[in-house]
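Sequential numbering from 1 along the given sequence is applied to the chain's residues. Values below: every heavy atom of this structure, side chains too, minus hydrogens, waters and symmetry copies.
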Amino acid sequence: MAKQHLQKHLHKQKLRQKSFFDFIVYFFTIATPLFELPQAITIYARHDAGSVSIYTWGFFLIDNLVWIVYALRRRLLPLLITSILYLVIELVVVIGIVLYS
């Protein structure tokens, strides 16, 4: 019985160890949503959102709400962080579209 307990403990410990790929995922978790920032900056700097579609960005916003719920249900922290970052940036863009269209 003690041997089985030790094997289970070692298996759980292996699952907790981070691989190089985990760190790549964490990098992209934060970096990828930041690529939407230039759109938000352009809208607010120029006070113009005429070339941006509220339907597209509104859909992105709703899409990320779905991903947030999914990540919460599955307890997927990297996906949750990415989706929240996307949601914040997309909300800023949508607000800019409403203000400056």
Side-chain angles (χ1 to χ4, degrees):
M1 194 67 146
K3 185 177 177 181
Q4 287 177 336
H5 178 72
L6 180 60
Q7 287 175 339
K8 285 182 182 178
H9 178 71
L10 290 175
H11 179 71
K12 285 183 181 178
Q13 189 175 9
K14 278 186 177 181
L15 290 177
R16 283 189 227 141
Q17 292 176 347
K18 302 293 182 204
S19 70
F20 180 70
F21 187 71
D22 289 319
F23 292 106
I24 291 172
V25 169
Y26 296 145
F27 169 77
F28 282 99
T29 293
I30 295 170
T32 304
L34 297 179
F35 278 86
E36 289 186 350
L37 272 178
Q39 184 69 67
I41 292 168
T42 300
I43 290 170
Y44 286 92
R46 295 182 182 166
H47 296 265
D48 179 27
S51 64
V52 183
S53 169
I54 187 121
Y55 299 111
T56 301
W57 286 92
F59 181 81
F60 291 158
L61 193 68
I62 294 166
D63 173 64
N64 276 296
L65 289 172
V66 172
W67 281 110
I68 288 169
V69 171
Y70 179 80
L72 286 169
R73 292 183 63 163
R74 298 291 182 168
R75 299 175 192 227
L76 301 171
L77 186 60
L79 180 59
L80 179 64
I81 292 169
T82 301
S83 298
I84 289 172
L85 288 173
Y86 270 123
L87 181 79
V88 168
I89 295 168
E90 289 160 359
L91 184 61
V92 168
V93 170
V94 168
I95 290 170
I97 293 169
V98 170
L99 289 175
Y100 301 117
S101 285

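Val66 and Val69 fall into different hydrophobic clusters, where Ile, Leu, Val, Met, Phe, Trp and Tyr residues are linked whenever their side-chain heavy atoms come under 4.5 Å apart, directly or through other members. Leu79 and Leu72 are members of different hydrophobic clusters when ILVMFWY side chains are connected at heavy-atom separations under 4.5 Å. Hydrophobic clustering places Leu65 together with Ile54 (ILVMFWY residues linked when any side-chain heavy atoms are closer than 4.5 Å, directly or through intermediates). Placement of Tyr86 and Ile30 in two distinct hydrophobic clusters is found when ILVMFWY residues are connected by side-chain heavy-atom separations under 4.5 Å, directly or transitively. Connection of Ile95 to Tyr55 is established within a shared hydrophobic cluster, with ILVMFWY side chains joined at heavy-atom distances below 4.5 Å, either directly or through further cluster members.
Residue pairs meeting the side chain to side chain donor-acceptor pair (under 3.5 Å) criterion with at least one partner in residues 59-72, sequence neighbours excluded, are Asp63-Trp67, Asn64-Glu90. For residues 25-46, every residue pair satisfying the side chain to side chain donor-acceptor pair (under 3.5 Å) rule, not counting sequence neighbours, is listed here: Lys18-Tyr26.
The distance from the OG1 atom of Thr82 to the CD1 atom of Ile68 is 10.5 Å, given to the nearest 0.5 Å.
The shortest non-hydrogen separation linking Leu61 to Leu91 is CD1-N, 3.5 Å. Across all non-hydrogen atoms, the minimal contact from Pro33 to Ile89 is O-CD1, 3.0 Å. A pairwise comparison of heavy atoms in Ile97 and Ala49 identifies CA-CB, 3.6 Å as the closest pair.
Proximity of Ile43 to Asp48: side-chain heavy atoms (C-beta onward) are nowhere separated by under 4.5 Å.
Heavy-atom contacts from other residues, nucleotides or ligands closer than 6.0 Å to CZ of Phe28 number 12 or fewer.
Listed by chain and residue number, Asp22 satisfy the side-chain hydrogen bond (donor to acceptor under 3.5 Å, both in side chains) test with Ser19 (two or more places apart in sequence, or in another chain).
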